[in-house]
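Worksheet: the structure to be examined is printed underneath.
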Number of protein chains: 2
Amino acid sequence: MNFNDLKIFQAIYEIGSLNKAAEQLGYAQSNITTRLKVMETELNTKLFLRTQKGVTPTKTGNIFYSATLNIQAELAKVTTQIDQQKKTLLGSEVLISELLNNSGLVSYSHFSKIVVKRQENIVQEAANNLYDLVVTFADLNNNHNYHLQKTRAIKCNYLARESHAFANNLPVLVNSDPICAFRKRTLQDLADKSRILEIDSLQAIEMMVEQGSGISLLPCSFAETKNLVKLRTTDISLEYKIYQSK
Amino acid sequence: MNFNDLKIFQAIYEIGSLNKAAEQLGYAQSNITTRLKVMETELNTKLFLRTQKGVTPTKTGNIFYSATLNIQAELAKVTTQIDQQKKTLLGSEVLISELLNNSGLVSYSHFSKIVVKRQENIVQEAANNLYDLVVTFADLNNNHNYHLQKTRAIKCNYLARESHAFANNLPVLVNSDPICAFRKRTLQDLADKSRILEIDSLQAIEMMVEQGSGISLLPCSFAETKNLVKLRTTDISLEYKIYQSK
DNA sequence: CCTGGTTACGGGTGGCGTAAAGATG
DNA sequence: CATCTTTACGCCACCCGTAACCAGG
């Protein structure tokens, strides 16, 4: 007995005829007889009584019918569940935000699930589960389940609410994620480490910058959408990678 | 994908290794790889991440695992249900009572279900469902799903609580089932049809005879168990048949 | 080298179609 | 004889085993 037999049985049951079931399913009549016989042998019971005008189910036939419906329903359920699960995107918070801001690069509708992890967790997470797409500053080259699809750069700048003079005295907000590319670059650029203020939530950093209580290295697109001022004349390019599952 | 693949997948999942799963299931290792690949292709998803020390399930692997458990449970359920249902006995009330009284002929433990029908319904019932055994006065020869296993006779007599003189004035109790062999015989034997009293329940007839409010043509075994008196010196033999499902 | 997964290939079984043969009204 | 099921037989695909190969510690 195999999965296809369930469909065959169901058709026989609902149509009440081996001939008609064969026709509807596109099988030879003989095959239906054979498959039914296989099922009956395997279950060690008669499933249908053969009559002149077709077949009628026995009690065990009725029992088996409901089972076939259950099993096929379960099968259909799992395939849709898997299809739902399939399109997942893994990325770090700042990258995903950027991609969502510059809409068109990443659309919610393309993915059933978007998982945002801190950079330090992305390698581990990508190893433990297979994502359709991974957007990250990290290096996944030693993970055989993914291949590099493309490398892109995100244009950033130090953003503040207002003028330079004003901004010079503000704390510099960074993520506490040690591998975060924005943080690393900020630490490189900044002489006076005492100005650093670690904030773990991207949204909180945005808010503080908008309110004028800090500056932060952020994607340039934020300057427009949030109406912020770039503190550098030239933008900074931070490379990130998009990996695809094999 | 077939039913066996579910077992294979389950083993892989629970053991975490293709090699070990193959060993445990008695398959060649290569076959496990192939079957897994088939499943992954058919579901269009990776189910396991291959690592150096075995395999670990992906999210879709986890989803599929629970589905395999459900399906296999449903499959196990239906087979036991069918096995339970299988051994059924169909017979008319008086015959079944007789067979149960003379225990050894029919044992409750041999059948999961004993269906008792009036004679007039037995042919129909036997046609609509397949019973393991049918015990009946009726003729099932034109039903191809059964074959005659043996013909037996049941020894009967007119039974009463006490003496003949007493019994002569009592009503004669019969089943109202027009095809019932006991009824037919009683009507043949009895000249005075006005004495006939139709009672549909065998148990009610027994009770009335025991209480001395009627006589009835009943299996001889009832005379002993119920301590009744035979009204005829020679017993009457009524033939019945035991049919078996093919 | 050892462990664990993958690929290549050949044999046997099982699913399917064609065709013909029962069975029943 | 018309309709439905069953049997006979042959073809092809699929399942499985053997064996060799590949990757990582």
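To find a chain, count down the sequence lines: A is the first, B the second, and so on, and within it residues start at 1.
Checked against C:dG17, C:dT6, D:dT5, the side chain of B:L18 finds its nearest nucleotide in C:dT6. If you check D:dT18, C:dG4, C:dC16 against the side chain of B:S30, the one that comes closest is D:dT18. Side-chain atoms of B:R35 lie closest to D:dC16 of the nucleotides D:dC4, C:dG5, D:dC16.
No side-chain donor from either of A:N143 and A:Y243 sits under 3.5 Å from a side-chain acceptor of the other. Defined by atom type and a distance below 3.5 Å, a donor-acceptor pair is present between the side-chain atoms of A:N4 and A:Y27. In summary, the side chains of A:Y131 and B:K59 do present a donor paired with an acceptor at a separation below 3.5 Å, with no hydrogens or angles considered.
The distance from atom CG of A:L49 to atom P of D:dT6 is 11 Å, rounded to the nearest whole Å. Distance CD (A:E42) to P (C:dG14): 10 Å, rounded to an integer number of Å. Between A:L36 atom CG and C:dC16 atom P the separation is 13 Å, expressed in whole Å. Per the geometry, CG belonging to A:L47 stands 16 Å off C1' belonging to D:dT5, to the nearest Å. The distance from atom CD1 of A:I32 to atom P of C:dC16 is 8 Å, rounded to the nearest whole Å. As rounded to whole Å, 17 Å separates atom C1' of C:dT18 from atom OH of A:Y27. When rounded to the nearest whole Å, the span between CE of B:M39 and C1' of D:dC15 equals 13 Å. A:K53 places its NZ atom 15 Å from the P atom of D:dA2, with the value rounded to the nearest Å.
Taking side-chain N and O atoms only, A:H144 has a distance below 4.0 Å to OP1 or OP2 of D:dG24. Within the 4.0 Å cut-off from OP1 or OP2 of C:dG15, not a single side-chain nitrogen or oxygen of A:N4 is found. For B:S17 and C:dG5, the shortest distance from a side-chain N or O to OP1 or OP2 is below 4.0 Å. Side-chain N/O atoms of A:T33 include none lying less than 4.0 angstrom from OP1 or OP2 on D:dT7. OP1 and OP2 of C:dG4 both lie 4.0 Å or more from every side-chain N or O belonging to B:R50. Phosphate contact (OP1/OP2 of C:dG15, side-chain N/O of B:N2, threshold under 4.0 Å): absent. Here B:N31 does not reach the OP1 or OP2 of D:dT18: none of its side-chain N or O atoms lies under 4.0 Å away. Look at B:K37 and you'll find a side-chain N or O under 4.0 angstrom from OP1 or OP2 of C:dT7. Taking side-chain N and O atoms only, B:Q52 has no distance below 4.0 Å to OP1 or OP2 of C:dG4.
No engagement by B:V38 is indicated, since no non-hydrogen atom pair under 4.0 Å with the nucleic acid exists. Residue contacts shown for A:G26 are limited to sugar-phosphate atoms, with no base heavy atom under 4.0 Å away.
Aromatic rings from A:F48 and A:F64 are positioned such that their centres are separated by 6.0 Å or more.
A donor-acceptor pair under 3.5 Å is absent between the side-chain atoms of B:T58 and the main chain of A:L130, judged by distance alone.
Of all heavy-atom pairs between A:F3 and B:L6, the closest is CZ-CD1, 3.8 Å.
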